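Reading through the C-alpha cells given below for one structure.
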Amino acid sequence: MASEAARKVLREFEKNGQSVDAALVTWSPETLRKILTEDLPEAQVIVVSNREPYIHNMKDDGVELVVPASGLVSALEPITRACSGTWIAYGGGTADRQMVDEDDRVQVPPGNPSYTLRRVWLTEEEYQGYYLGFANEGLWPLCHIAFTRPIFRASDWEAYEAVNRKFADTVVAEARNERPIVLVQDYHFALLPRMIRERLPEAIVITFWHIPWPNSEVFSICPWRERILDGLLGSSIIGFHTQFHANNFTESVDRFLESRIERADAAISYGGQTTLVHAYPISIEWPAELLATLPDVDASRTSLRERFGLKADVKLCVGVERLDYTKGILDRFQALEELFIRYPEWVGKLVLLQIAAPSRGTLPAYKQLHDECHRYAEELNQRYGSKGYKPVVMVAEHHSQEQVYEIYRAADICMVTSLHDGMNLVAKEFVAARDDEQGVLMLSTFAGASRELLEALIVNPYDPAMMSEALLQALTMTPEEQRQRMRPMREMVRDNNVYRWAGSMLMDAARLRKRSELDRVTTNAERSANANVDNVVSLVERRRMAAGLR
Ligand code: F6P
C-alpha cells in the first residue's frame with residue numbers, strides 16, 4: 001500500500017536504529033513532508049474550509065485570539081503546518097480585517113508562523129444564506145439522523161452558490177501554478193470542486209466530507225441534489241469517515257446521475273472524469289504537541305476538582321462539544337436521571353460537567369436546544385441536588401484546547417453520546433489525553449469513532465436505560481479494566497493519527513497524478529502515431545490521385 005516515498009521513510013527509520021514498528025506507527029509531519037517532496041514535488045497545498053483555524057476578535061483590552069471548537073480545525077491545523085500550505089477560510093472574527101495584509105493574508109500560527117491564512121470576506125446576506133441557511137439549516141440536518149427537519153430556501157441556495165464561486169476565485173488567485181493540491185473541506189463547499197476543476201483542470205482536488213452522508217432516499221429530498229452531486233464529482237478524490245457513508249454517496253450518484261460506477265475500484269466516471277470515493281477515518285495529532293506543556297493527570301484532577309468544589313468521593317463525568325442537537329446532550333442528562341432513579345445511592349456521588357461551546361446560536365433549532373439543556377440541567381439540580389452538590393454543571397462557553405485537555409485529564413468518565421456523528425474527535429482526544437491509561441469512554445454507536453475505538457463502552461443514546469447501565473459499569477470499573485480498555489484505544493489513535501489520515505489521501509493523490517501523467521504520455525504517443533498514419537495515408541492518397549486512380 002505504501003508509496004515509494006513512504007517506504008523510503010520507513011527504511012530510514014530502520015537505518016537509524018528505530019524499530020520498524022516505531023516507523024510504522026510514527027506517522028509524523030516529517031513523513032508527510034517526505035511524501036509531498038518525493039511523490040508530489042513542487043505541489044502547493046491549499047486547504048479550503050469555512051471555519052478558520054485562528055479567529056481574531058476585538059475585546060475591550062485589545063485583540064483576542066481564538067482557536068475555534070471544531071474537529072475539522074484540530075485535524076487540519078497540524079497538517080497545514082507540516083505542509084507549509086495556504087489555508088483559505090471565511091474571516092468571521094471582529095478583528096480579522098485588522099490583522100491581515102493588503103492581500104487579506106496573515107501568517108499563522110501566531111508567534112511561530114509556518115503557513116498562510118487567506119481570509120475571505122462575506123456580506124451579512126451571504127453569511128445568512130450560505131452558512132446559516134443552506135449549510136446549517138439545509139445540509140446539516142439532511143445529513144444527520146437527528147430528526148430535525150431540513151429547511152431549503154431558494155435564496156439560501158443562491159447565496160451558497162455565490163459563496164462557493166467566491167472561494168473558487170480565491171483558490172485560483174492563491175494557486176501559484178496550474179497544478180495545486182486543493183483540500184476542500186466539508187458540506188459548505190459541495191459546488192466548489194467542480195468550479196475549481198473548470199478553472200484549474202490539472203489540479204488535484206481532494207474533498208473531505210466531515211459529516212455523515214445519508215442514504216439516497218433521504219438525500220433525494222434536497223431540491224438541488226443533482227447539482228450537489230455534480231459539484232462534488234469535480235473532485236479527484238472524495239473522502240468520508242466511514243465506508244458506510246462512502247457507499248451512501250455512491251448510491252446517491254447511482255440513483256440521480258448518468259455515470260459509470262466501478263465498485264471494485266471505488267471509482268465513479270462521470271462527465272469524462274473519474275473520481276475515487278474512499279473512507280479515510282480522520283484523527284488527531286499524535287503525539288499532541290500541547291500535551292507536553294500541560295499539567296499531568298494528578299495536577300489536572302486537583303485543580304479542576306477544587307474549581308468546581310467536588311468532594312473526594314464524587315466521580316466526575318464530562319461531556320465536551322458544541323451545543324448542537326446532533327450531540328445527544330439532552331439524552332445524556334436523561335441517562336443521568338435514569339441512573340439516579342435506578343441506583344439512588346449514586347445521588348451525591350456523581351457530577352456531570354457539560355462543556356457546551358456556543359454554536360450557530362441565532363438559528364431557532366439551536367436556541368431551542370440551548371433553552372432545553374439549561375432547563376433540564378436546572379430541573380435535575382433541583383430534584384437531586386443538595387447544599388454544596390449540583391449533579392449537573394453546565395458551562396455554555398468556549399474553552400481553549402488547553403482547558404479542554406485539562407478537563408479530559410481530570411475526568412473519571414467521558415460521555416460522547418452523539419445521535420449521529422461523522423467521526424467525533426472528542427473521543428480520540430480523551431484517549432490521547434489519558435497517558436495514565438485511566439478513565440472510561442462511553443461512546444455512541446452512531447459516531448464514526450465507534451468503528452475504531454472498540455474498547456469503549458458502546459451505547460445507544462436513544463436508550464436511557466441502557467445508557468444508565470453503562471454509566472454504572474463505568475462508575476464501578478476497576479483501574480485494571482480501565483487500563484485494559486484504554487491501552488488498545490491509545491494504540492489505535494497513535495497508529496492512526498491525523499498524519500496518516502492526510503498521508504493516505506496524499507498517497508492516493510500522488511498515484512492519480514502519476515497515472516494522469518502516464519495517460520498524457522500515452523495520449524501524446526497515440527496522437528503522434530495517428531498523425532504518422534495520417535501522413536502515410538495522405539501520401540498514399542496523393543500518389544493515387546497523381547496516378548489518376550480516383
Ligand atoms: O465537523 C463538522 C463541523 O461542521 C465542521 O465543519 C465545523 O468546523 C465544526 O463542525 C464546527 O461547526 P461551525 O464551524 O459551524 O461552528
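Here the structure is a predicted model, which is why all the values come from computation and not from measurement. We count ligands from 1, going down the list as the structure has it; atoms in each ligand are counted the same way.
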Ignoring angles and geometry beyond distance, decide whether H210 reaches within less than 3.5 Å of ligand 1 through its nitrogen or oxygen atoms. no
Is R51 in polar range of ligand 1, meaning some N or O pair under 3.5 Å apart? yes
Regarding atom 5 (C) of ligand 1: of the candidates D186, N50, L425, which has the closest heavy atom? D186
Among protein heavy atoms, which lies nearest [atom], and at what distance?
| atom | value |
| --- | --- |
| atom 15 (O) of ligand 1 | Y131 OH, 2.5 Å |
| atom 12 (O) of ligand 1 | R360 NH2, 2.9 Å |
| atom 8 (O) of ligand 1 | S70 OG, 2.8 Å |

Looking only at the aromatic ring of each residue, does the gap between the centers of Y280 and W501 stay below 6.0 angstrom? no
Between W140 and Y187, ring centroids under 6.0 Å: yes
Please identify each residue that fulfils side chain to side chain donor-acceptor pair (under 3.5 Å) with E372, with sequence neighbours left out. Q368
I'd like to check which ligand 1 atoms, numbered from 1 as shown, lie under 4.0 Å from a non-hydrogen atom of Y187. 4 (O)
Atoms in ligand 1 flagged as close to H188, the criterion being non-hydrogen separation under 4.0 Å: 6 (O)
Counting neighbours of CD1 on I145 that are heavy atoms of other residues, nucleotides or ligands and sit closer than 6.0 Å, is the number greater than 12? no
How are the rings of F152 and F134 set relative to one another: parallel (under 30°), tilted (30 to 60°) or perpendicular (over 60°)? tilted
Under 4.0 Å from ligand 1, counting heavy atoms only, is it the side chain of R322, its backbone, both or neither? side chain
salt_bridge(E174, R118) N-O dist < 4.0 Å: yes
Can E77 and R81 be counted as an ion pair, charged N to O under 4.0 angstrom? yes
